[in-house]
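The structure presented is a predicted model; accordingly, all values stated were derived computationally and were not measured. Sequence lines set the chain letters: A, B, ... in the order given, protein chains first and strands last, and positions in each chain run from 1.
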Amino acid sequence: MTQEPLLRMEHIGKEYFGNRVLADVNLTLQRGEILGLVGENGAGKTTLMKILFGMPVIKETGGYEGKMYLDGKEVNFDSPFDALDGGIGMVHQEFSLIPGFSTTENIMLNREFTCYSPLVELFGERLQTLNRPAMRQRAAKAIDTLGVRVDPDMLIQEMPVGHRQFTEIAREIDRESTKLLVLDEPTAVLTESEAAILVKALRKLADSGIAIIFISHRLQEILDLCDKILVLRDGMVIKEAPTKGTEIRQIASWMVGRTVEDKKQDDAVRVCLEPILRVDHLWVDMPGETVRDVSFDVCRGEIFGIGGLAGQGKLGIANGIMGLFAAGGAVTWKGKALKLNDPHGALEAGMAFVSEDRRGVGLLLDEPIDWNIAFTAMQVQGRCLKSLLGGLIQWRDDVAMASLAQEYIDALGIKCVSSRQRAVELSGGNQQKVCLAKAFAVGPELLFVAEPTRGIDVGAKKLVLDTIRETNRHKGTTVVMISSELEELRSICDRIAIVDEGRLAGMLSATASVEDFGLLMLGAGKGPEVAAGVR
Amino acid sequence: MKKIRAFIEAAGLPRVIIGGFLVLLFAVAPLAQISVARSVSDTLVRMAMNGVMVLALVPMVQSGCGLNFGLPLGIIAGLLGALLSIELDITGFAGLFFAMGVSLPFAAIFGYGYGLILNKVKGDEMMIATYVGFSSVSLMCIAWQLLPFTSPIMIWGYGGSGLRVTVSVSEHWLHVLSDFLSFQIGNFYFPTGMFLFLAFMCFLVWGFFRTKIGTAMTAVGSNPEFARASGIDVDKMRTISVVLSTMLGAIGIVVYQQSFGFLQLYTGPFYMAFPAVAALLLGGASVNKATLFNVIVGTFLYQGICTMTPSVINSLLQTDMSEMIRLIVSNGMIIYALTRKVQVKR
């Protein structure tokens with residue numbers, strides 16, 4: 001094909017507040033071609049699509065680098081409306097439908113067919129009446145194009161999610177000018193049969209000349225549907241390849257496989273002495289991170305990693321065991337049953353938790369650093385308290401608090417004016433260190449660390465990870481680390497469990513190959529060789 | 001200019017405006033043939049009268065329950081204590097402390113129920129609190145009619161049953177606290193006893209917030225999720241703070257009554273919360289952080305305006321502007337604080 005491609009993106013780059021999320025991305029798309037865009041969470045897929053669609057957030061954060069050509073003409077969309085006019089349709093991860101409106105009304109929203117009514121003479125065009133039969137016909141045609149059966153008169157709120165998804169796609173293809181359709185994880189909410197219908201419908205659309213960019217974590221779909229795939233990792237294009245002749249395993253390794261850095265092998269073989277924590281059929285009702293049925297053992301003195309894609313339930317495990325969200329199942333701690341749904345009990349038993357939600361749960365933003373660090377230790381273990389009147393009054397000992405805080409400020413290198421500085425004034429990395437210090441101050445035997453490096457810069461990342469490793473090696477603290485970044489887990493953990501859809505997909509040694517991890521994360525690795533790792 | 005701006009930022013704009021206005025009023029007082037010494041004295045008396053009620057707001061603000069618009073609940077408990085003390089005909093300090101002592105269990109019970117309600121409406125505490133306050137006042141209007149008090153001082157002279165709208169404390173414990181160790185220099189009268197008592201209450205509240213439980217309460221107000229993750233029972237802390245606020249409110253009204261001379265029943269407690277809230281906000285507190293410094297400064301400024309405007313403005317303008325200014329200041333302050341979550345530095 002030598003003709004001018006429909007879409008050409010050249011050297012696209014983007015920085016959010018000094019944090020580079022996209023660098024030098026090139027992409028070309030022909031008419032009727034389907035491109036599969038894959039990558040881990042945070043690889044830059046969504047940002048790339050936001051740039052394409054002219055989302056205001058891009059402009060507000062300083063625009064982007066590079067150039068985009070649509071039909072050979074350079075374009076730079078100021079707003080999604082411009083992008084729509086330019087012929088780009090987008091189906092979002094979140095539904096943008098009006099629940100109380102019918103399918104037809106949603107599909108035809110703002111493009112309604114209207115009839116003349118006498119009131120127009122008086123009040124203008126806004127008082128035209130709707131031509132419902134025509135709208136219904138048009139909507140039915142759009143739905144037909146997809147090859148699905150959706151009642152055009154049904155209210156959105158009464159529909160199964162699959163139908164909502166189809167409605168949204170129908171709306172985008174109904175625009176006559178639509179030349180390019182972007183689908184951001186359209187199959188995530190669909191059942192397998194629905195997804196198959198969608199794949200067929202998209203194929204049909206592509207044959208009619210519409211180009212499609214398809215984002216999905218389900219690699220099999222990508223292989224079934226797309227003509228070529230583009231793999232993003234850390235904001236860079238890792239691989240562009242035709243789907244013909246590509247295997248899932250290859251894609252998985254492109255997605256997650258960074259060049260494995262020198263993994264510190266300070267102690268070559270660490271033997272599992274005894275299980276300190278035993279989790280049996282745990283379920284946790286944490287919104288967005290539901291854990292359905294998870295069982296595993298954590299050995300005394302190890303660093304146990306829990307990985308997986310966002311929203312699959314890995315965060316729910318720690319939050320559930322620490323009693324922050326409703327949980328059930330059995331957790332055995334040092335041979336004794338641990339009472340669930342009781343944060344105080346979990347802390348008292350000798351566990352501590354560094355929450356992934358640093359600003360929401362991890363810190364008292366308006367209070368000074370010493371309060372943040374000493375508070376939990378004071379409330380749970382009675383540290384930094386003086387007894388007055390024979391123990392009748394538990395008096396706060398500010399001096400002890402300050403010296404406890406100072407100890408950790410020095411040990412972890414927290415950059416601050418003094419221990420009286422308010423936590424909100426610190427940078428993300430230093431806030432994370434305060435959170436760690438808070439957990440260390442309790443002197444835990446088991447430390448849960450959730451997403452310890454999220455939103456902090458590279459230098460701070462290394463420090464935080466080193467601190468965790470140090471605590472494990474020198475104080476003998478058992479660590480359960482939960483992270484979306486597989487490389488981070490592999491660099492520090494002994495064993496890594498991968499969670500997928502609220503269940504354990506498998507457990508691997510940190511030295512296992514990247515591809516195996518990738519497959520587990522994508523829920524494709526149900527093979528016998530990995531299943532053996534699960535208890 | 002920079003210094004002025006820094007000062008305004010540190011002190012908070014409303015405090016600067018009201019403070020300036022108050023200084024101006026004192027400055028022009030002699031022109032209106034008003035004794036400055038008497039004015040200062042009046043301001044101090046009113047400050048000490050209202051101080052404990054303003055202080056009563058602090059525990060709830062600190063625990064994140066917002067401003068205690070349900071203060072009338074505590075006031076009702078205080079009224080019950082005061083009525084019982086008069087009914088039993090106890091005079092002097094004994095009567096005053098009996099009134100306070102008896103009102104505390106009532107306040108604790110009311111506060112506990114009130115706390116349970118507020119725990120069910122997290123995020124909307126202040127609106128619900130206002131209605132709790134209003135409805136409890138209305139309910140008590142019935143109770144004042146029906147309660148079987150018999151002391152002739154306080155029941156209606158005709159009929160012979162039901163409590164009067166105002167009940168005098170002059171025969172029992174009028175000014176017992178105010179006059180304790182008080183002194184007079186010319187026109188200047190200083191109610192030492194009330195100030196000592198206010199200082200003592202402030203000390204108790206200060207001390208409470210330095211204990212383990214007080215620290216936990218502050219953390220709950222600062223970030224309930226953090227507190228929960230640290231093993232704190234958030235609802236329990238909030239309930240304790242509401243109980244404390246209500247008890248302080250009960251003590252506050254008794255102090256107020258011994259200085260004012262009357263118990264105001266029926267709709268008397270209706271709007272009692274608003275001046276207290278306005279004073280606290282004027283002192284620089286925000287909806288979720290309040291210090292004792294805010295209490296003292298705020299009460300002084302607010303009561304200063306309330307004392308000075310009637311005398312000074314009225315005699316200068318020959319018209320009754322005082323009530324309007326008082327309403328504008330108190331309600332304006334509340335609106336200002338609720339719309340802008342500004343917190344001054346100290």
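If you measure heavy-atom distances from A:Lys438 to chain B, the contacts under 4.5 Å come from the side chain alone. Proximity to chain B (any heavy atom under 4.5 Å) is restricted, for A:Leu363, to the backbone atoms N, CA, C and O. If you measure heavy-atom distances from A:Met322 to chain B, you find no contacts under 4.5 Å at all. Using a 4.5 Å cut-off between heavy atoms, A:Phe375 touches chain B through its side chain atoms alone. Interface residue A:Leu324: backbone and side-chain heavy atoms are both found under 4.5 Å from chain B. Interface remark: B:Phe209 contributes backbone atoms only to the contact with chain A (heavy atom separation under 4.5 Å).
We find the OG1-CG distance between B:Thr218 and A:Asp366 to be 12.0 Å, quoted to the nearest 0.5 Å. Taking CD1 from B:Ile213 and CD1 from A:Ile393, the interatomic distance works out to 12.0 Å, rounded to the nearest 0.5 Å. With rounding to the nearest 0.5 Å, the separation of OG in A:Ser387 from NZ in B:Lys212 is 10.0 Å.
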Show, in sequence, the C-alpha distance, side-chain angles and deciding distance for A:Glu367 and B:Lys289, and conclude whether the side-chain contact (heavy atoms from CB on, under 4.5 Å) test is met. CA-CA 11 Å; A:Glu367 306 293 344; B:Lys289 263 257 148 355; 2.6 Å; yes
I'd like to know whether A:Arg396 forms a side-chain contact (heavy atoms from CB on, under 4.5 Å) with B:Thr211, so could you lay out the CA-CA distance, the side-chain angles of the two residues, the decisive distance to 0.1 Å, and finally the verdict. CA-CA 5 Å; A:Arg396 188 173 77 224; B:Thr211 60; over 6 Å; no
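Looking at every heavy atom in both residues, B:Ser230 comes nearest to A:Val380 through O-CG2, 3.5 Å. Closest of all the heavy-atom pairs between A:Trp395 and B:Arg210 is CZ2-NE, 3.4 Å. Minimum heavy-atom separation, B:Ser222 to A:Leu364: CB-CD2, 3.6 Å.
Shown are A:Asp357, A:Leu365, A:Val361, A:Asn372; of these, the side-chain contact (heavy atoms from CB on, under 4.5 Å) with B:Phe226 is made only by A:Asn372.
For A:Lys415, the NZ atom counts as loosely surrounded, since its 6.0 Å shell holds 12 or fewer non-hydrogen atoms of other residues, nucleotides or ligands. No more than 12 heavy-atom neighbours from other residues, nucleotides or ligands sit within 6.0 angstrom of OH on B:Tyr112.
Between B:Ile232 and A:His344, every side-chain heavy-atom pair lies at or beyond the 4.5 Å cut-off.
The residues B:Glu225 and A:Arg359 are annotated as not salt-bridged, no charged nitrogen and carboxylate oxygen being separated by less than 4.0 angstrom.
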